[in-house]
Amino acid sequence: MISLALTLKRLLSAIFRTGKDPLFRTLLLTLAFIVLSGTLFYYQIEGWPLFDAFYFAFVSLIPTGVDTGLVPSGNLSRSFTMIYLAVGVGVMVMVLIRLAYAVLKLERPEEFGTPKSSRELRDKEQ
């Protein structure tokens, strides 16, 4: 349980730190629009309940083999899903990479070019 709490703390610290980066915010906003478009599409076209449509739209973009039990049925839905996944997975992976980089930067700042102290910062400036 302590391990979970420490991992959650590291993740939240990384999200807070990365949230200041304009590129990360842009990627997150883009991802939100992609998931919203997928949710609304599956809700309207497939007739799935709103939460099921959101669940499918979000979980489909995570690079894992989660079986949602939901399958797009029509040709329009399948075509949309192919384009949706091609675009959405790339954005999701970029968001996950930025988060992973922030977590690693918190744990090992010297390896990622972040000085440990203000003294090291002054030494680098001279």
Side-chain angles (χ1 to χ4, degrees):
M1 191 65 163
I2 293 173
S3 176
L4 176 64
L6 292 174
T7 301
L8 188 59
K9 180 184 180 271
R10 279 194 307 249
L11 179 62
L12 292 176
S13 296
I15 290 172
F16 180 74
R17 174 181 241 171
T18 308
K20 297 175 184 176
D21 179 21
L23 175 61
F24 180 75
R25 287 189 304 218
T26 303
L27 285 170
L28 206 56
L29 185 63
T30 304
L31 182 63
F33 281 126
I34 291 170
V35 172
L36 178 66
S37 69
T39 300
L40 293 176
F41 179 85
Y42 295 119
Y43 176 72
Q44 292 285 331
I45 303 301
E46 288 292 322
W48 294 345
L50 194 56
F51 187 76
D52 286 347
F54 171 74
Y55 179 73
F56 181 80
F58 185 78
V59 170
S60 297
L61 299 181
I62 298 173
T64 61
V66 176
D67 182 19
T68 61
L70 300 167
V71 178
S73 58
N75 287 336
L76 176 64
S77 295
R78 290 181 189 147
S79 299
F80 173 81
T81 302
M82 288 187 286
I83 295 167
Y84 173 76
L85 292 177
V87 173
V89 168
V91 174
M92 177 66 88
V93 167
M94 285 300 298
V95 168
L96 294 175
I97 286 171
R98 300 294 292 184
L99 280 175
Y101 180 75
V103 168
L104 289 174
K105 197 171 181 179
L106 283 173
E107 291 181 3
R108 296 188 183 102
E110 66 280 353
E111 292 179 22
F112 291 93
T114 305
K116 287 183 176 179
S117 68
S118 58
R119 181 174 174 234
E120 288 182 25
L121 184 58
R122 281 192 308 261
D123 291 343
K124 283 189 174 188
E125 289 176 354
Q126 295 174 355

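Predicted, not measured: the structure shown is a model, and the values here were computed from it.
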Exercise for the section: Please test F24 against L29 for side-chain contact (heavy atoms from CB on, under 4.5 Å), starting from the C-alpha separation and ending with a verdict. Expected result: CA-CA 9 Å; F24 180 75; L29 185 63; over 6 Å; no
Exercise for the section: Could you walk me through whether L28 and F33 pass side-chain contact (heavy atoms from CB on, under 4.5 Å), step by step? Expected result: CA-CA 9 Å; L28 206 56; F33 281 126; over 6 Å; no
Exercise for the section: In sequence, state the C-alpha distance, the side-chain angles, and the governing distance for W48 and Y43, and then conclude on ring-ring contact (aromatic ring centres under 6.0 Å, His included). Expected result: CA-CA 5 Å; W48 294 345; Y43 176 72; over 10 Å; no
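Side chain of T18 to backbone of I15: no donor-acceptor contact under 3.5 angstrom is found. Judged by distance alone, the side chain of S77 and the main-chain N or O of S73 form no donor-acceptor pair under 3.5 Å.
In the model, T81 has a side-chain atom that pairs as donor or acceptor with a side-chain atom of Y42 under 3.5 Å.
Heavy-atom minimum distance, I34 versus G88: CG2-CA, 4.0 Å. The two residues I45 and L76 come nearest to each other via the heavy atoms CG2-CD2, 4.4 Å. Scanning all heavy atoms of the two residues, the minimum distance from A14 to V103 falls at CB-CG2, 3.4 Å. Contact detail for F56 and T68: the closest heavy-atom pair is CD1-OG1, 3.4 Å.
Taking the side chain as every heavy atom from C-beta outward, L31 and L61 approach each other to under 4.5 Å.
Cluster annotation: L99 is connected to V93 through the hydrophobic network of ILVMFWY side chains, with a link wherever side-chain heavy atoms come within less than 4.5 Å. No continuous path of ILVMFWY side-chain contacts below 4.5 Å connects V59 to L40, so the two sit in separate hydrophobic clusters. Hydrophobic clustering places L27 together with L85 (ILVMFWY residues linked when any side-chain heavy atoms are closer than 4.5 Å, directly or through intermediates). Under the 4.5 Å side-chain heavy-atom criterion for Ile, Leu, Val, Met, Phe, Trp and Tyr, V35 and L50 are members of distinct hydrophobic clusters. The cluster map of Ile, Leu, Val, Met, Phe, Trp and Tyr, joined by side-chain heavy atoms under 4.5 Å apart, puts L23 and V91 in the same cluster.
Applying the under-4.5 Å side-chain rule to Ile, Leu, Val, Met, Phe, Trp and Tyr, the cluster around L6 extends to I2.
The side-chain contact (heavy atoms from CB on, under 4.5 Å) check on I62 picks up F58, T64, M92, with sequence neighbours excluded. Taking the ring pair (Phe, Tyr, Trp, His ring centres under 6.0 Å) definition, one finds that Y55 meets it with nothing, sequence neighbours left out.
Atom CG of residue L70 and atom CD of residue E46 lie 9.0 Å apart, to the nearest 0.5 angstrom. Distance CD1/I83 to CZ/R78: 14.5 Å, rounded to 0.5 Å.
Aromatic ring pairs are classed by plane angle as parallel below 30°, tilted from 30° to 60° and perpendicular above 60°; the pair Y84 and F80 is parallel.
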